[in-house]
Amino acid sequence: MSDNPYSTPVLAWYESHARDLPWRRPDASPWSILVSEIMLQQTPVVRVLPAWNAWMERWPTPADLAREPSGEAVRMWNRLGYPRRALRLHACAVAITEEHGGRVPEDHATLLSLPGVGSYTAAAVASFAFGQRHAILDTNVRRVLARAETGVQYPPKTQTKAETALAESLLPSAPSVAARWGVAVMELGALVCTARTPACADCPIAHQCAWRLAGKPAYDGPPRRGQTYAGTDRQVRGRLLAVLRDSAHPVPKGALDVVWDDHVQRERALDALVSDGLVDPLDDGRYALPG
DNA sequence: CATGCGTGGGG
DNA sequence: TCCCCAAGCAT
């Protein structure tokens with residue numbers, strides 16, 4: 001069963017160290033797994049857990065969410081960040097309900113056609129929910145492979161063809177093993193082979209890791225671009241949307257104006273929110289979450 | 001293909 | 001304090 005040099009130790013490690021996350025339990029529905037994957041995009045597990053629990057309690061099936069206004073999804077999203085994901089998840093629920101008989105599609109290409117579902121998420125749902133054989137290549141896996149195989153501290157900033165090819169070449173042949181392998185490598189990256197201070201002493205493949213065997217050379221290249229936030233449109237958008245989320249009713253323009261001094265930037269951010277469908281400008285001049 | 005898109009916790 | 005980063009996607 002050791003289709004690649006890492007699978008046996010990594011799978012064994014996963015058996016004894018995997019976190020007991022609710023969307024990994026045997027009774028987790030494909031919908032609940034899709035919800036978890038959208039929420040987990042760029043968002044840590046600890047912050048997703050309570051949001052996922054509340055979401056699944058309120059909308060246990062796609063149809064439950066599809067019959068709500070999209071603004072309710074945005075409100076429920078609360079402060080998870082990147083609220084367009086809430087809109088897309090709502091759009092997923094509508095598409096699944098109206099075009100797929102209320103069931104999360106199993107086919108990778110069909111999953112890919114859903115709003116907010118890209119290459120990673122489609123593979124993750126196909127693999128984790130339906131046991132199919134797909135390469136899982138997220139930020140965790142990219143980092144593990146960069147170190148173990150390529151011998152560098154960090155993967156490239158943007159995903160390359162070479163990384164995709166490498167991930168596919170390592171995929172165990174049996175679908176059930178491949179699915180297990182995918183989640184196991186992810187977990188290794190999340191818990192042991194972390195970005196800042198990897199716990200190589202706890203790593204099941206440390207003795208095979210090209211980066212460690214090379215003496216853990218420091219990242220050599222251009223400074224990795226940090227995300228700025230303070231003073232950006234993103235911060236303004238966040239503040240504007242927070243006003244609407246926290247209000248049970250539509251708000252007058254003045255309630256939005258007070259959250260940011262720079263008039264030009266504030267208007268630009270508000271226009272963008274409207275354009276994104278996150279904010280609904282009412283005929284009476286007030287603003288609300290979309291209906 | 002580089003960039004924009006939230007938020008909060010930890011080093 | 002700052003800075004980095006966290007299961008990406010769409011354009």
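Protein chains get the first letters and strands the later ones, always in sequence-line order, with residue 1 at the start of each. The model shown is predicted, which means the values in this text are computed figures rather than measured ones.
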#### Entry: Between C:dA6 (P) and A:Glu187 (CD): distance, integer Å
14 Å
### Message
On the nucleotide C:dC9, are OP1 or OP2 found under 4.0 Å from the side-chain N or O atoms that A:Thr121 carries?
### Response
yes
#### Entry: Residue closer to the 5' end of DNA chain B, A:Arg88 versus A:Gln235 (nearest nucleotide)
A:Arg88
Only distances under 3.5 Å count here; give the side-chain donor-acceptor pairs of residues 199-208 of chain A to other protein atoms, sequence neighbours excluded, each with its distance to 0.1 Å.
from     : atom 1 : to     : atom 2 : distance (Å)
A:Gln208 : NE2    : A:Pro5 : O      : 3.4

### Query
Checking all strands, does A:Ala195 fall into the base, sugar-phosphate, or nothing category for heavy-atom contacts under 4.0 angstrom?
sugar-phosphate
### Task
Write down the distance separating the P atoms in B:dG6 and C:dT11, rounded off to the nearest Å.
14 Å
### Task
Take A:Arg196 and A:Pro83, find for each the nucleotide of DNA chain B with the closest heavy atom, and name the residue whose nucleotide sits nearer the 5' end.
A:Pro83
### Task
For A:Trp55, enumerate each residue passing the ring pair (Phe, Tyr, Trp, His ring centres under 6.0 Å) test, keeping only those at least two apart in sequence or located in another chain.
A:Trp59, A:Trp77
### Task
Report yes if a donor N or O on one partner sits less than 3.5 Å from an acceptor N or O on the other, where the partners are the side chain of A:Arg234 and the base of B:dT7; otherwise report no.
no
### Task
For side-chain hydrogen bond (donor to acceptor under 3.5 Å, both in side chains), just list the numbers for A:Tyr82 and A:Arg234, CA-CA rounded to whole Å, side-chain angles, deciding distance to a tenth of an Å, and then say yes or no.
CA-CA 9 Å; A:Tyr82 294 145; A:Arg234 287 154 86 159; 2.9 Å; yes
### Query
In whole Å, what is the span from the OH atom of A:Tyr154 to the C1' atom of C:dA6?
14 Å
### Message
Applying a 4.0 Å non-hydrogen cut-off, can you work out what A:Thr197 is touching in the nucleic acid: base, sugar-phosphate, or nothing?
### Response
nothing
### Query
So how far is it from A:Trp181 CH2 to A:Tyr14 OH, rounded to the nearest 0.5 Å?
13.0 Å
### Task
Identify whether any heavy atom of A:Ile136 sits under 4.0 Å from a base atom; if not, whether one sits that close to sugar-phosphate; answer base, sugar-phosphate or nothing.
nothing
### Task
Specify the residues of residues 254-276 of chain A, ordered by number, for which at least one heavy atom lies under 4.0 angstrom from an atom of DNA chain C.
none
### Query
Which comes earlier along DNA chain C counting from the 5' end, the contact point of A:Leu114 or that of A:Ser36, where each point is its nearest nucleotide?
A:Ser36
#### Entry: Integer angstrom distance from the P of B:dT3 to that of C:dA7
23 Å
### Query
Contact class for A:Leu87 vs. all strands (heavy atom < 4.0 Å): base, sugar-phosphate, or nothing?
nothing
### Query
Rounding to a whole Å, what distance do you find between A:Met39:CE and B:dG8:P?
15 Å
### Query
So, the side chain of A:Ser32 versus the backbone of A:Ser29: is there a donor-acceptor pair under 3.5 Å, distance only?
yes
### Query
Which part of the nucleic acid does A:Trp23 contact within heavy-atom distance under 4.0 Å: base, sugar-phosphate only, or nothing?
base
Cut-off 3.5 Å, no hydrogens considered: what does the side-chain donor-acceptor table look like for residues 167-174 of chain A, sequence neighbours left out?
from     : atom 1 : to       : atom 2 : distance (Å)
A:Ser169 : OG     : A:Leu166 : O      : 2.7
A:Ser173 : OG     : A:Asp3   : OD2    : 2.8

### Query
Which part of the nucleic acid, if any, lies within reach of A:Gly118 when heavy atoms closer than 4.0 Å are counted: base, sugar-phosphate only, or nothing?
sugar-phosphate
### Query
Over how many whole Å does the gap from A:Gln41 atom CD to B:dG4 atom C1' extend?
15 Å
### Task
For A:Gln132 and A:Glu106, indicate whether the former's side chain and the latter's backbone hold a donor-acceptor pair under 3.5 Å.
yes
### Query
Is there a donor on the side chain of A:Thr43 or the base of B:dG6 sitting less than 3.5 Å from an acceptor on the other?
yes
### Message
Base, sugar-phosphate or nothing for A:Val117? Non-hydrogen atoms, less than 4.0 Å.
### Response
sugar-phosphate
### Query
Start at the 5' end of DNA chain C and walk down; is the nucleotide closest to A:Leu112 or to A:Asp138 reached first?
A:Asp138
### Query
Reckon A:Arg84 touches a base, only the sugar-phosphate, or nothing at all at heavy-atom distances under 4.0 Å?
base
### Set of side chain to side chain contact (heavy atoms under 4.5 Å, CB included) partners for A:Pro155, sequence neighbours left out
A:Arg142, A:Arg143, A:Ala146, A:Glu163
### Task
Specify the separation, in whole Å, of atom CD of A:Gln42 and atom P of C:dA7.
8 Å
### Summary
In whole angstroms, the gap separating P of B:dT7 from CZ of A:Arg79 amounts to 5 Å
### Message
I need the CG-P distance between A:Leu40 and B:dG6, as an integer number of Å.
### Response
18 Å
### Message
Without decimals, in angstroms, what is the distance between A:Met186 CE and C:dG8 C1'?
### Response
11 Å
### Task
Verify the contact: side-chain N or O of A:Arg143 to OP1 or OP2 of C:dA6, cut-off strictly under 4.0 Å; return yes or no.
yes
#### Entry: salt bridge (Lys or Arg N to Asp or Glu O under 4.0 Å) partners for A:Asp284, two or more places apart
A:Arg286
